[in-house]
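Comments concern the structure below.
These values consider heavy atoms only, across backbone and side chains, with no hydrogens, waters or symmetry-generated copies. In what follows, chains are A, B, ... by sequence order, proteins preceding strands, each numbered from 1.
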Amino acid sequence: EDQVTQSPEALRLQEGESSSLNCSYTVSGLRGLFWYRQDPGKGPEFLFTLYSAGEEKEKERLKATLTKKESFLHITAPKPEDSATYLCAFCPYGGSQGNLIFGKGTKLSVKP
Amino acid sequence: EAQVTQNPRYLITVTGKKLTVTCSQNMNHEYMSWYRQDPGLGLRQIYYSMNVEVTDKGDVPEGYKVSRKEKRNFPLILESPSPNQTSLYFCASSRQDPSFSEQYFGPGTRLTVT
């Protein structure tokens with residue numbers, strides 16, 4: 001069964017303390033891997049798409065990377081406004097068109 | 001403003017009383033999806049639509065119906081709601097197959113079935 005696991009479930013950082021979130025998946029290949037940010041009481045908001053191992057994308061303090069079995073979301077010098085739940089999602093090769101599998105998310109809290 | 005709207009935002013109903021949650025997007029997107037989000041289970045896809053009159057089941061379709069008669073609208077229908085359908089529901093749209101394209105999510109509908 002295709003699965004995606006995110007770790008840690010929750011992460012508390014001090015402002016400026018860099019760290020990484022992990023998303024690992026158990027499929028032989030994927031069409032795309034996505035990172036979304038979700039604020040409390042709101043719908044997820046798109047951050048990045050990665051398609052092949054070795055690919056990296058950056059946006060402000062966030063950088064997403066992809067290997068054959070996992071993706072990392074690196075947060076450099078986070079600020080309190082980066083506090084949110086970060087979700088990863090993917091569609092495996094052979095999966096139904098349009099069918100995404102989401103992880104349970106990592107809840108990030110950044111304290112000033 | 002490009003957006004996905006859902007109505008109602010909050011709904012409390014009783015078991016067996018049919019209800020519809022509406023979803024509309026103003027971006028002329030081909031794809032639309034419905035998800036439910038439950039604590040400890042994450043986001044799970046209920047149904048998705050690739051275009052008008054084309055829909056397919058996601059991971060948890062039991063107890064739900066959808067229709068896509070117009071490109072902009074994708075209502076979610078619960079014919080006979082049950083307490084296990086109490087959840088937070090999100091509608092999403094994307095320009096192309098969400099396997100390759102970012103999705104835009106609505107603000108969510110919190111449903112309670114008693």
Would you indicate whether the side-chain heavy atoms of [Y] and [X] approach each other to under 4.5 Å?
X: Phe100(B); Y: Thr49(A); answer: no
X: Asp97(B); Y: Arg31(A); answer: yes
X: Leu47(A); Y: Glu102(B); answer: no

Proximity breakdown for [X] and chain A, heavy-atom pairs closer than 4.5 Å:
X: Phe90(B); result: side chain
X: Ser101(B); result: backbone
X: Arg9(B); result: side chain
X: Leu41(B); result: backbone

Would you say [X] has more than 12 foreign heavy atoms packed within less than 6.0 Å of its [atom1]?
X: Lys71(B); atom1: NZ; result: yes
X: Glu15(A); atom1: CD; result: yes
X: Arg44(B); atom1: CZ; result: yes
X: Arg12(A); atom1: CZ; result: no
X: Lys17(B); atom1: NZ; result: no

**Item:** Gap separating the CD atom of Gln45(B) from the CD1 atom of Ile101(A), nearest 0.5 angstrom
**Value:**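 Going from the CD atom of Gln45(B) to the CD1 atom of Ile101(A) covers 9.5 Å.
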Can you get from [X] to [Y] by hopping between Ile, Leu, Val, Met, Phe, Trp and Tyr side chains that sit under 4.5 Å apart?
X: Ile46(B); Y: Met32(B); result: yes
X: Val21(B); Y: Val113(B); result: yes
X: Leu50(A); Y: Ile75(A); result: yes
X: Tyr104(B); Y: Leu87(A); result: no
X: Tyr48(B); Y: Val60(B); result: no

**Message:** If you count heavy-atom pairs within less than 4.5 Å of chain A, which of Gly40(B), Ala92(B), Pro39(B) leads?
**Reply:**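 Of the options given, most contacts go to Gly40(B).
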**Request:** Kindly give the heavy-atom pair with the smallest separation between Asp59(B) and Leu100(A), and that separation in Å.
**Result:**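 Smallest heavy-atom distance, with atoms named: OD2-O, 4.2 Å.
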**Close contacts, residues 33-46 of chain A versus chain B, judged by heavy atoms under 4.5 Å** =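 Answer by number: Phe34(A), Tyr36(A), Gln38(A), Gly41(A), Lys42(A), Gly43(A), Pro44(A), Phe46(A).
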**Item:** side-chain hydrogen bond (donor to acceptor under 3.5 Å, both in side chains) against Lys65(B), all qualifying residues, sequence neighbours excluded
**Value:**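 Glu79(B).
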